Amino acid sequence: MTAHALIDVVAVIAGIGVARWFRRRFALVRPPGIEGEGLMQAYLASVLVGLATGAVAFGSWNLYLAGEQGVAKSLIGGLFGAIAAAEIFKRVAHIRTSTGFYFVPGLLAAIVIGRVGCFFGGMDDFTHGIPTVLPWGVDFGDGLRRHPVQLYEAAVMLLLLAGLVMDFAHRQAFWLRYGFYVFVLVYATQRFAWEFLKPYPPVLGALNMFHLLSLALLAYAVLMVILGSQRVE
């Protein structure tokens, strides 16, 4: 097993552990609006199918656009697919509340450790940055010092996780209603920025495919916050 694969396993285990710890500490049984174990299992299945489909579809598509062959996975593609599946499920099940926060603490922990795995994956992982003259540039094996964009993303997600853990008890109602959309806003914003530091091919002007996915997620989060605010009023 490669170091990257091993760290990915650790990321999954850590994500599950953090999620369970957070739910026990704050007595979060299941997402708001998901009543009954049967509905919960169906909801989870839908989200996982969307996650896997989006991750492989967008990851492999980006690899193809770059002139590479093979199958790849994309975190932002998986997030996009999971959100699409969840929103379709909620519409069919007539669920109007935000259900995503249930996953945020564990997801943040998994992203932090998973991006460290991407860092150790080097050039083969295709998540490295473009060359830089900055002193913290890293040589991933091709003789060039590159932006460690994997660690940039890990740092932002770690800060968000720490802020969430410290603030949740004080503003629990806010986080349950808007926490998932806060996560999407932060993730999509930082991802949009880091994409300018990656060697992915542009598809619209200077923007690559993941830039466009980031903008779509930003629009989704802003829209959901607005709609949620209107329902409160």
Side-chain angles (χ1 to χ4, degrees), residues 8-61 71-114 157 160-161 164 168 172-188 191 213-214 216-232:
D8 280 348
V9 172
V10 173
V12 172
I13 294 173
I16 293 173
V18 169
R20 287 182 174 177
W21 167 79
F22 193 92
R23 292 166 193 166
R24 285 198 302 267
R25 179 176 179 182
F26 297 106
L28 303 179
V29 178
R30 59 176 60 92
I34 305 294
E35 302 296 338
E37 192 61 27
L39 188 61
M40 180 65 180
Q41 294 301 322
Y43 173 71
L44 288 176
S46 299
V47 170
L48 288 174
V49 169
L51 174 69
T53 302
V56 173
F58 286 106
S60 300
W61 188 9
V71 177
K73 301 183 296 296
S74 162
L75 177 56
I76 193 169
L79 179 60
F80 184 90
I83 288 173
E87 291 299 334
I88 292 172
F89 182 90
K90 287 166 60 178
R91 180 169 290 275
V92 172
H94 305 291
I95 298 170
R96 294 176 57 83
T97 57
S98 175
T99 56
F101 179 77
Y102 185 79
F103 305 102
V104 170
L107 184 56
L108 285 170
I111 292 174
V112 171
I113 298 175
M157 296 295 99
L160 180 57
L161 176 59
L164 167 60
F168 184 79
Q172 187 167 339
F174 168 83
W175 284 105
L176 289 174
R177 179 178 292 274
Y178 299 112
F180 181 70
Y181 309 130
V182 170
F183 159 70
V184 174
L185 281 168
V186 173
Y187 184 81
R191 184 65 186 259
L213 277 180
S214 297
L217 289 176
L218 280 169
Y220 161 80
V222 170
L223 176 62
M224 297 306 289
V225 168
I226 292 172
L227 292 177
S229 299
Q230 290 175 344
R231 282 197 289 269
V232 171

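Predicted, not measured: the structure shown is a model, and the values here were computed from it. Because only heavy atoms are used, hydrogens play no part in the values below, and waters and symmetry mates are left out as well, while side chains stay in.
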Closest heavy-atom pair and its distance - L164, P105: CD2-CG, 3.9 Å

Which side-chain N or O atoms in residues 86-95 pair as donor and acceptor under 3.5 Å with protein atoms at least two apart or in another chain?
residue : atom : partner : partner atom : Å
E87     : OE2  : Y220    : OH           : 2.7
K90     : NZ   : T97     : O            : 3.0

Point-to-point distance, once rounded to the nearest 0.5 Å, from CG of D8 to CD1 of I13: 11.0 Å

Atom pair CG/CG of L218 and L223 - distance to nearest 0.5 Å: 12.5 Å

Residues forming a ring pair (Phe, Tyr, Trp, His ring centres under 6.0 Å) with F174, sequence neighbours excluded: Y178

All side chain to side chain contact (heavy atoms under 4.5 Å, CB included) counterparts of A110, not counting sequence neighbours: none

Heavy-atom side-chain contact between L107 and M157 under 4.5 Å: no

Closest non-hydrogen atom pair between R23 and Y102, with its separation: NH2-O, 3.1 Å

Test item: F103 and L44 side chains (from C-beta on) under 4.5 Å apart, heavy atoms: yes

Heavy-atom check, side chain of P32 versus side chain of R177, under 4.5 Å: no

For S60, side chain to side chain donor-acceptor pair (under 3.5 Å) partners two or more places apart: none

Ring center gap for F101 and F168 short of 6.0 angstrom: yes

Partner residues of R30 under the salt bridge (Lys or Arg N to Asp or Glu O under 4.0 Å) criterion, sequence neighbours left out: E37

Under the side chain to side chain contact (heavy atoms under 4.5 Å, CB included) test, residues paired with V10 that sit two or more places apart: I113

Partner set under side chain to side chain donor-acceptor pair (under 3.5 Å) for Q172, not counting sequence neighbours: none

Pairwise side-chain contact, F183 with I111, heavy-atom cut-off 4.5 Å (strictly under): yes

Heavy-atom pair with the smallest gap, counting every atom of G59 and A72: O-CB, 3.5 Å

Side chain to side chain contact (heavy atoms under 4.5 Å, CB included) partners of R25, counting only residues at least two apart: W21, V165

Smallest separation among heavy atoms of G15 and A109, with atom names: CA-CB, 4.3 Å

I16: partners by side chain to side chain contact (heavy atoms under 4.5 Å, CB included), with sequence neighbours left out: V12, R20

Spatial distance of atom OH (Y187) from atom CG (L217) [nearest 0.5 Å]: 9.0 Å

Contact check, side chains of V182 and V104, non-hydrogen atoms, under 4.5 Å: no

Could you list the donor-acceptor pairs under 3.5 angstrom formed between side-chain atoms of residues 76-85 and any protein atom two or more places apart in sequence or on another chain?
none

Contact summary for G100 and Y43, nearest pair of heavy atoms: N-OH, 4.3 Å

